[in-house]
Amino acid sequence: MGNFAACCRGFWCKDKNPDVRVSLPAVCFVWQIAMIILFGLFVRYDEESDAHWSEHKHENNITSDIENDFYYRYPSFQDVHVMIFVGFGFLMTFLKRYSFGGVGFNFLIAAFGLQWALLMQGWFHSLDPADGQIKIGIENIINADFCVAGCLIAYGALLGKVSPVQLMVLTLFGITLFAVEEYIILHVLHVRDAGGSMVIHTFGAYYGLTISWILYRPKLNQSKNLSGSVYHSDVFAMIGTLFLWMFWPSFNSAIADHGDGQHRAAINTYLALSASVLTTFAISSLSAKRGKLDMVHIQNATLAGGVAMGTAAEFMITTYGSLIVGFCCGIISTFGYLVITPFLEKYMKIQDTCGIHNLHAMPGVLGAVVGAITAATASESVYGHEGLVNTFDFKGEYAERTPAMQGGFQAAGLCVALAFGIVGGAIVGFILRLPFWGDPSDDNCFDDEVYWEVPEDEESLPPILEYNSHMFGKNMSNFTVEQS
Amino acid sequence: MGNFAACCRGFWCKDKNPDVRVSLPAVCFVWQIAMIILFGLFVRYDEESDAHWSEHKHENNITSDIENDFYYRYPSFQDVHVMIFVGFGFLMTFLKRYSFGGVGFNFLIAAFGLQWALLMQGWFHSLDPADGQIKIGIENIINADFCVAGCLIAYGALLGKVSPVQLMVLTLFGITLFAVEEYIILHVLHVRDAGGSMVIHTFGAYYGLTISWILYRPKLNQSKNLSGSVYHSDVFAMIGTLFLWMFWPSFNSAIADHGDGQHRAAINTYLALSASVLTTFAISSLSAKRGKLDMVHIQNATLAGGVAMGTAAEFMITTYGSLIVGFCCGIISTFGYLVITPFLEKYMKIQDTCGIHNLHAMPGVLGAVVGAITAATASESVYGHEGLVNTFDFKGEYAERTPAMQGGFQAAGLCVALAFGIVGGAIVGFILRLPFWGDPSDDNCFDDEVYWEVPEDEESLPPILEYNSHMFGKNMSNFTVEQS
Amino acid sequence: MGNFAACCRGFWCKDKNPDVRVSLPAVCFVWQIAMIILFGLFVRYDEESDAHWSEHKHENNITSDIENDFYYRYPSFQDVHVMIFVGFGFLMTFLKRYSFGGVGFNFLIAAFGLQWALLMQGWFHSLDPADGQIKIGIENIINADFCVAGCLIAYGALLGKVSPVQLMVLTLFGITLFAVEEYIILHVLHVRDAGGSMVIHTFGAYYGLTISWILYRPKLNQSKNLSGSVYHSDVFAMIGTLFLWMFWPSFNSAIADHGDGQHRAAINTYLALSASVLTTFAISSLSAKRGKLDMVHIQNATLAGGVAMGTAAEFMITTYGSLIVGFCCGIISTFGYLVITPFLEKYMKIQDTCGIHNLHAMPGVLGAVVGAITAATASESVYGHEGLVNTFDFKGEYAERTPAMQGGFQAAGLCVALAFGIVGGAIVGFILRLPFWGDPSDDNCFDDEVYWEVPEDEESLPPILEYNSHMFGKNMSNFTVEQS
C-alpha cells in the first residue's frame, strides 16, 4: 500500500518535473530545422528585395528611386519590433523573482513565432500564384511581429506558471490559429482592423485566458508568495510600459493606408493613450487608502487606450472621439485590476498573472465595438466619396458595400476573434495539460530558479552574515557552553 | 492653551496632509473632461490627416504620393517622444526611493500636458481662419511634446518635494505660459529657436527654479537622508541619460527647415554632445579625491551640449564651433553641480533636486547667446544669399531684416524667456503654496511611500532577520534574564 | 635588503595606483582640444548640409525636395546610435559591481571615438580634392558610429580590468587602425562588407583579445569574486541585448545599397537573428543540470547571427541561407561560452570578460567566410546582370571582376582584418602595459569603487546593522566584560 502511494507520488512528481534539459533543446532544434526546410521550399524575396529589382525597374519604366524606398514602412517596423521585444518583454519583468523568465521566454517565443508567422501568413496573404511561393518584404516582417504579439499577450496570463516548452507549443498553435483567424476576418469578411483590436488583442487575450482556465492551479499562492513585485522590478516594468505607450501610434499606423490613413491612425492613438493615463491615475488613486497609486495600474491600464484604438484609429473617429475612448478605457481597465481580476480568479478559476483581461480583452472588445459603430456611421459628408472608398477599401467585389453593412461585418469579425480565442485556447489548453511538458509545481511558480541559473545576490546577503558571524561567533560558542 | 497648540498643530498637520485621494482624481477627471469638450469644440484633423485628402489631391493636381508622406517628420516625432517619456522619466529615477515618483509623475504630467499644449499652441499657431478651428497633424504633436518638455524640466527642480496635484497645476500654467512666450518669441519677434534653448530650456528651468525658491523648505534633509541614490537607481538614470543624449540630434532637428537645415542641426548637435561628454568626465574626475567620477555629473552634464545647441544648431556655426560649445558646456555644467547648486541652496534658498540650473538654465542661456552671436555674424559669403534668407526666414514682412538685427532680436527673445520663466514661476509658486495641494512634509520628501503603494523588499530583508532571530533568539532571552 | 624590498614594493604599488585624477582630465582636455583644432582645420559640412544647398539645387536643376531628404538614412543612423550607446553600454552592465564602469566608460570612449573617427575616416574616404577638406554629412556620422563599434567590442574583453585612461588610448589607436584597415579592405581590395563582419567584428574582437592576452593577470579572481552578476544586473544587461538584437537589421542595412540591397540586408539579418535565439536556448539548456538556462548565453549568443550576417546580408544568400547561418552561430557561440572561453583563459592566458571571442570573433570570421562563399557563387541567373553589377559594384576599374575573383578578395579582406587586429592589438597592448596608466590592482578588478563614487546601498545594509546593534549592542559590551 505504501509502495503504491510512493509509486503514485512518484508519478505525480514526474508529472511536475520541471526538467527541460531534453525537451526544450529537442523542440528548439526540431522546429528550427523545420523552419529552415520550409523556408527553403517556400520563401523567396519579394520584388523590392530581390536583386532583379533594377531590371524590374527598367521593364516597368520606374524612374524614381523613391518607388523602392527602404524608409517607407521600415521606421514603423522598428518601432513595432521594439514593442514586441522590449515592450512586452520588460512589461513582464515586474515579478520579484521572474524577471529572467518574463523577458527571456518572451524573447524565445517571439523569435520562434515570427518565423512561423512569416510562413503561415505568407501562405494566406503573400502566396505568389505564378510559382506557389511566398514572397516576403518589409511589410511581411511587420505583420509577423503583429502575429507574434497575439501569443505574447496570451503568455501574460500564464506568466510564471508554464514551462518554456509549453510556451513553444502555445506559440506554434497560436500563430497557426492567428493566421487563419486573420484571413477570415480581413479577407473573407473584409473587415478593417489595422491595429488589431480584434485580430490581435481580443484573440490573444481570450486564447491566453482560456488556456489559463484549463491549467487552473487551485493551490497556487498558498506557499511562499512570489507573485508580487519588488521596488526595482517595478521600475524595470516601467521600461516596458513606456516603450509600448510611446510606440503604440506606430503600431496602429504601421500597416494603415499610406497617406492620410497613417497620419490619422497615429494622431488618434496618441490622443487616446494620453487620456488613458489620466483616468488610470484617477481611479488608481481613488481606490486606495490615502490615495496611494498602484504601480500595477500605471504599468498596464495606461496602455488600454492604444488597444481600444486598434480598429478605429484609421477612421474619422475625430480627436475628441479618441479622447473619449481613452478616457473610458483607462477607467474600465483600472477597475478590472481592482475588481474583475480577483473575481475571475475566485469564481471563474482563471488565474491571470499580468491581468491581460483588463489590458487586452476588455479594451480589445471595446475597440472592436467602437470600430463597428464608427464604420457603420461613416458618411460621405465626413470622409468624402473617395475617402470613404479608400478608408474602407470599398473596391472590386466590395464596391457595393455600404458603411452600415461594413459595421455589421466589423461586429462579425469580433465574433470570429472571440470564437478562435476561446475554442483554440480550449484545445491548446488540453494539449498543455499533458504531463510531459515540464511545467513547475505550484510551489515553484513565479520562481526563476526552476528554469534559470540564478546568481546568488551576494551584495546584500553575505556581507551581513559574515559580519554577524564575525562579531557574534565567539560569543555564540560562549553561549553554548554557558547554556549547557 | 494646550488646546490652542493642538489646534494649530492640527491645522499644520492638515496643511501637510499628503492624502490626494480626493484631489488627484478630481483634477484628473475634471481636466480630462475639459480637454474632451475643448477638443470637441476646437480641434480637427489637418488636410494631410483628413480623409478628404484624396479629393484635395485631385483639386490641387498633386500626383505624387510623396507629398503626403508619413515618414516625413514622423521618425523625428518618435525620437522626441522617447526623450520626453523615457529620457526625462528615467533621468529622474536616480533617487533611492523616488523612482516611482520620478518616472510615474513624469508620465502623468506629460500625458496631460500634451493635450493642453495641442490646444494652447493650436490657438496661437494652427488656427484656421476659415472656420476658427485648430487643424492638427504630425508637426503639432511634435510641438506638443516640445511644449511639455518645459514643464518636465521644471519638475526636475521640484522632484520629490511636491504632490502630483501640484504638478498638474504647474503643468497647466506652465503650458499656458509656454504657448504665449513661444508665440511672442517665434512670431512677434521672429526669432529662430528650433531646438528651444530659450523657448524650452531657459523658460522651463527658470520657471522651475523660481517655484522651488518660493516653496523653499528650510528643514529639508535634516531627518533621514533619502536625497541620494543607490547603485541600481543610478543605472536606471543612465537609461534616461543615454536616450536623451542619443536622440538630442533629432530634438534639435525635428522642426528645423527640411533639407540642409535638418542635416546641419543633427550634425552640430551630435558634435556638441560628444565634446560635452569628454569635458564632463574631465571636470568630474579632477574635482574628486583619487579622481573618482560622480554619476550625477555623468548623468546630467554630458547633455549640456545638446541644450546649448538648441538655437544655433541649424545655423552655419561650423563643426568646430559646435565642438567648442559642447566643450564649454560640459565644463560649466559640471562646475555647476560642484559649486553653484550647493551655493544656490545655501545662500539663495533654491533647492534644485536634479540640478536643472546646471543642465538647462546655464546651457540654455549660453545657447541663446551663442545663437544671437551666430545670427548677428551671419553673412552671405557663408550662407549664400538664398541660404541666408531660408535659414533666418527673411521673407515677407521680415525681408528687410539684416543678420545684425536678427542677432538683436535673438537676444530680446532670451529676455522674454527669462521674464516668463521668473514672473510666471513666481505667480505659480504662490499658488502652489496654498495649503490644500497635498504636498509632503519635510520628513516625507523623496519618499515614494507617500503617494505610492510600495512593495516590501522581501528579497533582502526578511531572510536575514529571520536568520538572526533564529540564531540569536534563544540567547537573547537568556541575556535578558542574566542582566536582570 | 628590507629597504630594497619595500622600495620595490613601493614601485609596484605605484605601478598599480588607480588614481586617475591627473591623467584622465589631462587626456580628455588635450584630446578634445586637439579635436577642435583638427576639426577647425579640416572638417566642413557637405553639400547637403551646407546652407548653399538651395543655390546648389538651382545650379544642378534639382527640382524635387526629395533629393535632400533628411529621412534618407537618418532613421538608420538613430538605430545604430542606440546600439552603440544603449546596446553596447547596457550589455556591459551585467557585472554585479561594474555597471557604472560598463555603461559609463562605454559612453566616454564612444563619444571620443566618434570625433576621431570622423577625422580618420574623412581623410581616407571623404576628402574633397578641390580644397583638401573633409566634407561630412549623415552618412559620415553613421560610419563614425560603426568605427567606434570596433573599439567597444575590444573593451568587452577588457571590461573591469583597465583604467579609463587606458581605454582612451585603446580607442585612439583602435580608431586609427580601423580607418586604415577599412580603407584597405573596402577601397584597395574592393571588398563588400556593409555590416562589418570583417571590418568591425573580426578586427575589433582580435584587437581586444590580443590586448587582453598581453595584459594577462595571473592572479585575477583569487580574492573576492566580483566577476559574476546579480539578479538585477542581469536584467539590465538584457536591455543592451534586446536593443542590439532589435536594431541589428538597421546596422547591417544602414549603409547598404539603397533600394533592394537595404531591404535584403534587413530581412536576412532579421531571420538569422531569430534562428540564433532558438539554438542558443537549446544549447544553453542542454549543457546544464536540469536544463537550466544561463543568462550569459541568452545575453550574448542570441546576437551571433547578426554578427555573422555582416558581410552576406546584402547578397542573395536566400532566406533559408540566413536561417542556417543563424542556426550555426547560435550553437557555436554558446559552445564558445561553455568550452572555449575557459580554455582560452586557462591555456592561452586570454581573459575575456564579456566573451567577445564567442560573440564577435568566431561569428565575425564565420560571417566573412560565408560572405566570401556567397560572393564566389553569385551568378547572373540569381542576381540578374544589373543586379550583380550593383550588388558587388562591378563598375569602373572593377568592371572586369568576376564573382569568383570577388570571393577571393573577400577572403583576403578577412586576412587583413585579422592581421590588423592581432598586430595592432600587440603593439597597443605593450603600450598599455606601461606603468602610468592607472589600471587597478588584481584585487580591485571588476569594482566600480576604484573609479567611481559609489553610493552606499543604505536600503539593504544599514537597517539590519542598526537592528543588530540595537538589539545586541548592550549585550555585546556585557560579553566583553564577561570575557575579560
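The sequence lines fix the lettering, A, B, ..., with proteins before strands; numbering per chain opens at 1. The analysis underlying the following values was restricted to heavy atoms, covering all of them including side chains, and did not include hydrogens, waters or symmetry mates.
- Ser49(C) is not listed as a side-chain neighbour of Asp260(B), based on a closest heavy-atom distance of 4.5 Å or more.
- If you measure heavy-atom distances from Val454(C) to chain B, the contacts under 4.5 Å come from the side chain alone.
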Quiz item: Run the side chain to side chain contact (heavy atoms under 4.5 Å, CB included) check on Phe112(C) and Val277(B) step by step: do they pass?
Solution: CA-CA 8 Å; Phe112(C) 164 65; Val277(B) 175; over 6 Å; no
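- For a residue to count as touching a neighbouring chain, one of its non-hydrogen atoms must lie under 4.5 Å from one of that chain's; by this rule Ile239(C) touches chain B with the side chain only.
- The two residues Met238(B) and Val103(C) make their nearest non-hydrogen contact at CG-CG1, 4.1 Å.
- Neither the backbone nor the side chain of Ile37(C) comes within less than 4.5 Å of any heavy atom in chain B.
- Here Pro249(B) is the residue among Gly228(B), Gly261(B), Pro249(B) with the most heavy-atom pairs under 4.5 Å with chain C.
- Side-chain atoms of Asp448(C) and Tyr231(B) form a donor-acceptor pair, as typed in the model, at a separation below 3.5 Å.
- Side-chain contact between Thr241(B) and Phe107(C): present, with at least one pair of heavy atoms (C-beta onward) separated by less than 4.5 Å.
- With sequence neighbours excluded, the residues forming a side-chain hydrogen bond (donor to acceptor under 3.5 Å, both in side chains) with Tyr74(B) are Ser250(A), Gln78(B), listed by chain and number.
- In this structure, chain B has no heavy atom under 4.5 Å from any part of Glu47(C).
- Remark: side-chain polar atoms of Lys292(B) are paired, donor with acceptor, to backbone N or O of Glu449(C) under 3.5 angstrom.
- Of all the listed residues (Asn390(B), Val382(B), Val296(B)), the one sharing the greatest number of non-hydrogen pairs under 4.5 Å with chain C is Val382(B).
- Looking at heavy atoms from C-beta onward, Ile283(B) lies out of side-chain contact with Pro25(C) at the 4.5 angstrom threshold.
- Closest of all the heavy-atom pairs between Val20(C) and Gly291(B) is CG2-O, 3.8 Å.
- Between Val43(C) and Thr319(B), the closest heavy-atom pair is O-OG1, 3.2 Å.
- Annotation: Trp245(B) is in aromatic contact with His81(C) [ring centroid separation under 6.0 Å].
- When each of Tyr270(B), Phe315(B), Phe327(B) is checked for heavy-atom pairs under 4.5 Å with chain C, Tyr270(B) comes out on top.
- Taking the six-membered ring where tryptophan is involved, the planes of Tyr71(C) and His258(B) are essentially parallel, since the angle between them stays under 30° and well short of 60°.
- Side chains of Tyr45(C) and Arg264(B) form a contact here, defined as non-hydrogen atoms less than 4.5 Å apart.
- Interface remark: of the candidates Thr318(B), Asp294(B), Thr391(B), Thr279(B), Thr318(B) forms the most heavy-atom pairs closer than 4.5 Å to chain C.
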Quiz item: Taking it one step at a time, do Leu24(C) and Leu293(B) satisfy side chain to side chain contact (heavy atoms under 4.5 Å, CB included)?
Solution: CA-CA 10 Å; Leu24(C) 181 59; Leu293(B) 298 159; 4.2 Å; yes
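- With a 4.5 Å cut-off on side-chain heavy atoms, Met316(B) and Asp50(C) count as touching.
- A distance below 6.0 Å separates the ring centres of Phe243(C) and Phe243(B).
- For the pair Arg290(B) and Asn17(C), the minimum side-chain heavy-atom distance is below 4.5 Å.
- Tyr320(B) has its side chain out of reach of Leu38(C): every pair of non-hydrogen atoms, C-beta onward, lies at least 4.5 Å apart.
- In this structure, chain B has no heavy atom under 4.5 Å from any part of Val27(C).
- The closest side-chain donor-acceptor pair between His58(C) and Glu386(B) falls under 3.5 angstrom.
- Between Leu323(B) and Gln115(C) there is a side-chain heavy-atom pair separated by less than 4.5 Å.
- For Lys289(B), there are no side chain to side chain contact (heavy atoms under 4.5 Å, CB included) partners two or more places apart in sequence or in a different chain.
- For Glu55(C), the parts sitting under 4.5 Å from any heavy atom of chain B are the backbone and the side chain alike.
- Between His263(B) and Phe70(C), the distance from one ring center to the other falls under 6.0 angstrom.
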